[in-house]
Protein chains: 2
Amino acid sequence: MKQYNRDNMADLLRGHGINPTHQRIEIAYALFSRQQHLSAEQIMATVNDRHSETSKATVYNTLKLFLDKNLIREVIVDPSKVFYDPNTQNHHHFYNTASGHLTDIDAAGISILGLPMLPEGVETEGVDIIVRIRPSERPGLV
Amino acid sequence: MKQYNRDNMADLLRGHGINPTHQRIEIAYALFSRQQHLSAEQIMATVNDRHSETSKATVYNTLKLFLDKNLIREVIVDPSKVFYDPNTQNHHHFYNTASGHLTDIDAAGISILGLPMLPEGVETEGVDIIVRIRPSERPGLV
DNA sequence: TTGAGAATTAGACACAGTCCAGATATTGAA
DNA sequence: TTCAATATCTGGACTGTGTCTAATTCTCAA
């Protein structure tokens with residue numbers, strides 16, 4: 001799926017067992033057409049850009065549904081809000097702590113050596129690597 | 001420093017350029033004597049166990065001060081609250097998503113291969129690995 | 001057309017964390 | 001010791017995410 005529009009959004013939702021309603025299509029479109037990490041508040045602002053159509057409760061309900069159906073992922077890097085990520089491929093993140101901007105790091109080609117055994121009775125749900133970055137200090141510069 | 005008590009807490013604080021007040025000593029003691037990851041709320045409850053002595057504002061101010069002086073670290077794994085970690089050595093975490101419990105993973109012996117170059121103009125602030133775990137499903141068990 | 005189940009809604013609520021202005025404690029010079 | 005300057009602490013109002021609920025609206029099969 002190269003180009004995202006509201007029609008193939010409906011197909012995408014159906015493909016994940018989600019009944020495609022107006023609001024759900026708009027929310028999915030906001031995330032997938034941008035391929036960016038957005039907070040719930042940003043999604044609501046985007047979806048209600050022209051005239052308010054979608055309530056806060058629906059935004060949160062819908063995001064929870066999408067998570068449940070593995071259509072999106074959540075990214076927890078900021079203590080004050082969750083980001084939603086339309087990329088469910090295995091990947092990691094750069095997080096710019098100054099700007100709050102997230103960038104994907106493809107997990108293909110990355111390996112982690114030396115992780116200890118898991119404690120008894122648990123299994124891995126996922127492994128996240130977060131590389132926190134900030135603008136360089138440039139000591140020589142006046 | 002093997003055993004933590006309120007006296008060597010004062011020394012620890014001074015060693016990090018922090019003026020050791022009553023409240024600060026109690027908060028540091030709560031974190032260091034347990035060597036655990038506590039939320040602000042848990043810290044406040046611990047410190048005010050017997051009789052209320054320390055206000056919410058002071059708990060938050062103090063934790064921010066400790067972070068600033070590199071006495072503790074924050075761990076961001078739960079969308080609803082921040083955990084504070086008395087271990088500032090380089091290390092990573094297991095996070096049990098069912099219980100909310102955090103366990104340290106020593107970073108010595110762990111290496112990450114294949115991370116891409118940093119974008120221009122930024123430097124690394126830190127690399128966090130979070131292994132999210134959950135109780136095993138045991139399909140055979142009745 | 002109808003009505004039952006699904007989805008959406010406004011707005012009250014919960015709760016972590018912030019902010020502020022006044023109260024209190026500490027310090028050091030005289 | 002005393003005073004004043006500074007540092008710290010405090011209650012309580014406030015903010016911003018996110019949740020909950022009861023009422024409304026939509027959808028679609030019969």
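As the structure is a computational prediction, the values presented were derived from the model and not from experiment. To find a chain, count down the sequence lines: A is the first, B the second, and so on, and within it residues start at 1.
- For A:Gln23, the listed nucleotide lying nearest its side chain is C:dT9; candidates were D:dG18, D:dC9, C:dT9.
- A:Thr21 comes within 4.0 angstrom of sugar-phosphate atoms only, judged by non-hydrogen atoms across all strands, and of no base.
- B:Met44 places its CE atom 15 Å from the P atom of D:dC9, with the value rounded to the nearest Å.
- Looking at B:Asn5, its side chain does come within 3.5 Å of a backbone N or O of B:Asn8 through a donor-acceptor pair.
- The aromatic rings of B:His93 and B:His37 sit perpendicular to each other, their planes meeting at more than 60°, with 30° as the lower class boundary.
- Among C:dG17, C:dA10, D:dG18, the nucleotide with an atom closest to any side-chain atom of A:Ala57 is C:dA10.
- If you check C:dA16, D:dT19, D:dC9 against the side chain of A:Lys56, the one that comes closest is D:dT19.
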Sort me out a list of protein N/O and nucleotides 25-30 of chain D N/O pairs below 3.5 Å, or just none if empty.
none

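- When the C1' atom of D:dT8 is taken as reference, atom NZ of B:Lys64 falls 16 Å away, rounded to whole Å.
- Listed nucleotides: D:dG18, C:dG17, C:dA7. Nearest to the side chain of B:Val82: C:dG17.
- Summarising the geometry, the separation between NZ on B:Lys81 and C1' on D:dG16 is reported as 17 Å, rounded to the nearest angstrom.
- Between A:Ile43 atom CD1 and D:dT17 atom C1' there is a gap of 13 Å when expressed in whole angstrom units.
- In this structure, B:Thr46 contributes its side chain and B:Gln42 its backbone to a donor-acceptor pair below 3.5 Å.
- Closest to the side chain of A:Asn61, from the set C:dA16, D:dT10, C:dT9, is C:dT9.
- Under a cutoff of 6.0 Å and an axis angle of 45°, B:Arg132 and B:Tyr95 do not form a cation-pi pair.
- Put simply, the side chain of B:Asp106 gets close to the backbone of B:Ala108: a donor and an acceptor are under 3.5 Å apart.
- The CG-P distance, from A:Leu63 to C:dT8, rounds to 12 Å in whole Å.
- Heavy-atom contacts from other residues, nucleotides or ligands closer than 6.0 Å to CD of B:Glu41 number 12 or fewer.
- A straight line from CG of B:Asn48 to C1' of D:dG11 spans 13 Å, rounded to a whole angstrom.
- Contact between the side-chain N/O atoms of B:Tyr60 and the OP1/OP2 oxygens of C:dG17 is found at a separation under 4.0 Å.
- What separates CD1 of B:Ile76 from P of C:dG17 is a distance of 10 Å, to the nearest Å.
- Counting non-hydrogen atoms under 4.0 angstrom, A:Ser80 reaches the backbone sugars and phosphates but no base.
- If you measure from atom CG of B:Asp78 to atom P of C:dC15, you get 14 Å, rounded to the nearest angstrom.
- A close approach under 4.0 Å does occur between a side-chain nitrogen or oxygen of A:Ser55 and OP1 or OP2 of C:dT9.
- Here the side chain of B:His16 pairs no donor or acceptor atom with the backbone of B:Arg14 at under 3.5 angstrom.
- Among the heavy atoms of the strands lying under 4.0 Å from A:Thr54 are primed sugar atoms or P, OP1, OP2 only; no base atom is included.
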